[in-house]
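Written out below as C-alpha cells is the structure these notes cover.
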There are 2 protein chains.
Amino acid sequence: MAEILDAAWSLARSNGLLSFSLRDLATKVGMQAPSLYQYFASKDDIYDAMFRQGAVECLAEVGVDAAAPDRREAFRQSARRMFDFATSDPVRAQLLFQRTIPGFEPSAESYAPAVEMVEGMRALVAAHGITDPDAMDLWTAMIGGLVAQQLSNDPGGSRWARLVDRTVDMFLAEMDPDHDEAPQRKGQTR
Amino acid sequence: MAEILDAAWSLARSNGLLSFSLRDLATKVGMQAPSLYQYFASKDDIYDAMFRQGAVECLAEVGVDAAAPDRREAFRQSARRMFDFATSDPVRAQLLFQRTIPGFEPSAESYAPAVEMVEGMRALVAAHGITDPDAMDLWTAMIGGLVAQQLSNDPGGSRWARLVDRTVDMFLAEMDPDHDEAPQRKGQTR
DNA sequence: GTCTATATTTGGATAGAC
DNA sequence: GTCTATCCAAATATAGAC
C-alpha cells in the first residue's frame with residue numbers, strides 16, 4: 001500500500017498528476033490494474049491518500065515554533081520553509097495548493113493537517129503581537145505568490161527564492177511600522 | 001468561427017477547460033464534430049485561439065498609461081485592472097496564467113500580447129523612476145498572489161480585492177522608501 | 001488477493017459520400 | 001463544407017475464475 005503510493009508519486013512526477021493511469025501504476029508495482037481496487041476504491045481515493053500524505057509532510061516540515069525569540073527570524077524561517085516545501089516538489093504543490101484535478105476534493109481527514117497549519121501560522125502571528133485582521137490574508141497571498149512565480153517561471157531556479165526574506169520584511173514593516181527596526185537586507189543569506 | 005470560439009468559452013466555463021468535448025462544442029453550434037476540423041486543426045488549436053483572444057483582451061483591459069502623473073495612482077490602477085481582469089473570469093485566468101492543460105503550449109503569435117503587457121509594466125516602472133532590478137518580479141508575485149488567493153479561496157468575493165491598494169503601497173514603499181509620502185489607507189475606495 | 005477477460009464510456013480524429 | 005460512419009486509443013471499473 002505504501003509501495004503503491006510511492007509508485008503513484010513517481011508516476012505523477014513523470015507523467016503528470018492527471019495523466020498517469022491505473023494500468024501504469026499497477027505495472028509499476030508488479031500487479032494488474034484490477035488488483036489495485038483491493039487497496040483503493042477509486043483513482044480519487046488514491047489522490048486522497050496522496051493529498052493526506054502531502055499535508056502531513058507539510059505540517060512536519062513547515063511547522064514553526066511560535067516561541068522563537070526573534071520576530072523577524074521567526075517569520076523569515078516560516079516563509080522559507082513553506083517556500084522550500086512548495087517549490088521542492090511541483091507535483092505535490094499542484095495537488096495540495098493548486099487543486100486542479102477535475103472531480104477531486106480531499107476528504108476532511110486528509111485536509112485536517114492543512115487546517116492545523118493555518119492554526120500554527122495564526123499562533124505565530126498572535127505570539128508576536130500582530131493584531132491586524134488582514135495579516136493572515138496578506139501573508140498567504142505574498143508567500144503563495146512567490147511560490148507560484150518560482151514554480152511557473154523559473155522552476156528549479158532561485159529567481160523568486162531570493163526575494164523571500166525581503167518580502168517578509170515588507171510584510172513586517174506593514175504590520176507594525178513603529179516596532180520595525182531597520183532590517184539588514186540586500187543580500188539574503190541563502 | 002467566432003461563434004465556435006464563443007461556444008468553446010461557454011462550455012469551458014460550465015464543464016471545465018479540459019473537460020469539454022468537441023462533440024458538445026459542435027452540438028452547441030449546430031454542427032457535427034467532424035465539421036469543426038474545417039475551422040480548427042485540433043483541440044489544441046482551439047485552445048490556442050482562446051489563448052490569443054484572452055491575451056488580446058488582457059492587453060486591451062489592463063493596458064496602463066505610463067504617462068499618468070500620480071505614481072501611486074498609476075500603480076494602483078494597474079494592479080486593480082489586472083486583478084479585476086484575472087478574477088472576473090476564472091477559466092480565462094486558468095488558461096492564460098495557470099497553464100494547466102497537459103499538452104498545450106500557446107503559439108508565439110498568441111503569446112505576443114502577453115509579452116507586450118510585460119513591456120508595458122516595465123515602462124511604467126521605469127517612467128516612475130524605479131530602478132530596483134527586482135521590482136518586476138516582486139510586482140508579479142504580489143499581484144499574482146492576491147489573484148490566486150481570491151480565485152481559490154473566495155471566488156466571487158472581495159476578501160483579497162480589498163487588499164490590492166494596500167499591497168501596492170507596500171510595494172512602492174519598498175521600492176523607494178524616501179520618496180514615498182505617507183499613503184492614505186485603511187479604507188480602500190472600492 | 002490476484003488474475004484474465006471484458007464491460008462501459010469517452011474522447012479526438014479520419015475516410016469518404018454527398 | 002457538412003454530413004454519416006467509423007476508427008483508434010485510452011481510461012476506469014467490474015465479473016468471476018482460481
Side-chain angles (χ1 to χ4, degrees), chain A residues 1-54 91-92 94-95 98-107 110, chain B residues 1-54 91-92 94-96 98-107 109-110:
Chain A
M1 181 130 176
E3 193 191 355
I4 296 175
L5 267 188
D6 287 349
W9 281 113
S10 171
L11 280 177
R13 290 195 191 96
S14 54
N15 296 5
L17 193 52
L18 293 124
S19 308
F20 80 89
S21 74
L22 298 188
R23 290 189 213 298
D24 287 351
L25 177 54
T27 299
K28 185 139 191 164
V29 296
M31 282 179 174
Q32 294 300 315
S35 302
L36 293 175
Y37 287 82
Q38 291 288 329
Y39 304 92
F40 297 97
S42 66
K43 195 179 184 183
D44 274 1
D45 196 31
I46 296 178
Y47 284 135
D48 195 64
M50 293 170 78
F51 187 98
R52 166 183 260 144
Q53 195 174 355
V91 165
R92 185 178 58 185
Q94 187 190 351
L95 176 63
Q98 211 165 342
R99 305 277 283 285
T100 180
I101 296 169
F104 171 68
E105 285 284 323
S107 63
S110 297
Chain B
M1 179 129 176
E3 194 192 356
I4 295 175
L5 267 188
D6 287 349
W9 281 113
S10 170
L11 279 177
R13 289 195 191 94
S14 55
N15 296 6
L17 194 53
L18 293 125
S19 308
F20 80 89
S21 73
L22 298 188
R23 283 171 171 73
D24 288 352
L25 176 55
T27 299
K28 184 140 192 164
V29 296
M31 282 179 174
Q32 294 299 315
S35 302
L36 293 175
Y37 287 83
Q38 291 288 330
Y39 304 93
F40 297 97
S42 66
K43 195 180 184 184
D44 274 1
D45 198 30
I46 297 178
Y47 284 134
D48 195 63
M50 293 170 78
F51 187 99
R52 164 184 260 142
Q53 194 174 356
V91 165
R92 185 178 58 185
Q94 187 191 353
L95 177 63
L96 288 178
Q98 211 165 343
R99 304 278 284 285
T100 181
I101 296 169
F104 171 68
E105 286 284 323
S107 64
E109 309 91 87
S110 297

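Every chain is numbered from 1 and lettered A, B, ... according to where its sequence line falls, protein lines coming before strand lines.
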[X] side-chain proximity, nearest of [options]:
{"X": "B:Lys43", "options": "C:dC3, D:dC3, C:dG12", "answer": "C:dG12"}
{"X": "A:Ser21", "options": "D:dT12, C:dT14, C:dG1", "answer": "D:dT12"}
{"X": "A:Pro34", "options": "C:dT4, D:dC3, D:dG1", "answer": "C:dT4"}
{"X": "B:Leu22", "options": "C:dG12, D:dG1, D:dA13", "answer": "C:dG12"}
{"X": "B:Tyr37", "options": "C:dA13, C:dG11, D:dT2", "answer": "C:dA13"}
{"X": "A:Ser35", "options": "D:dT2, C:dG12, C:dT2", "answer": "C:dT2"}

Taking atom [atom2] of [N] as reference, at what distance in whole Å does atom [atom1] of [X] sit?
{"X": "A:Tyr39", "N": "C:dC3", "atom1": "OH", "atom2": "C1'", "answer": "13 Å"}
{"X": "A:Asp24", "N": "D:dA10", "atom1": "CG", "atom2": "P", "answer": "10 Å"}
{"X": "B:Leu11", "N": "C:dG11", "atom1": "CG", "atom2": "P", "answer": "11 Å"}
{"X": "B:Ile4", "N": "D:dT2", "atom1": "CD1", "atom2": "P", "answer": "8 Å"}
{"X": "A:Asp44", "N": "D:dT12", "atom1": "CG", "atom2": "P", "answer": "11 Å"}
{"X": "B:Gln38", "N": "C:dT14", "atom1": "CD", "atom2": "C1'", "answer": "12 Å"}
{"X": "A:Gln32", "N": "D:dA15", "atom1": "CD", "atom2": "P", "answer": "19 Å"}
{"X": "A:Met1", "N": "C:dT2", "atom1": "CE", "atom2": "P", "answer": "13 Å"}

**Study point:** A:Phe20 six-ring centre to A:Lys43 NZ/CZ under 6.0 Å and within 45° of normal
**Key:** yes
Say whether, by atom type as modelled, one donor and one acceptor occur between the side chain of [X] and the main chain of [Y] under 3.5 angstrom.
{"X": "A:Thr27", "Y": "A:Arg23", "result": "yes"}
{"X": "B:Ser110", "Y": "B:Ser107", "result": "no"}
{"X": "B:Ser19", "Y": "B:Gly16", "result": "no"}

**Study point:** Check: C:dT10 base within 3.5 Å donor-acceptor of B:Arg23 side chain
**Key:** no
Practice item. Using a heavy-atom cut-off of under 4.0 Å over every strand shown, decide if B:Phe40 touches base, sugar-phosphate, or nothing. Key: nothing
Practice item. Give A:Gly30 one of three labels, base, sugar-phosphate or nothing, depending on what nucleic acid heavy atoms sit under 4.0 Å from its own. Key: sugar-phosphate
**Study point:** Considering all heavy atoms, the nearest B:Ile46-B:Leu5 contact
**Key:** O-CD2, 4.3 Å
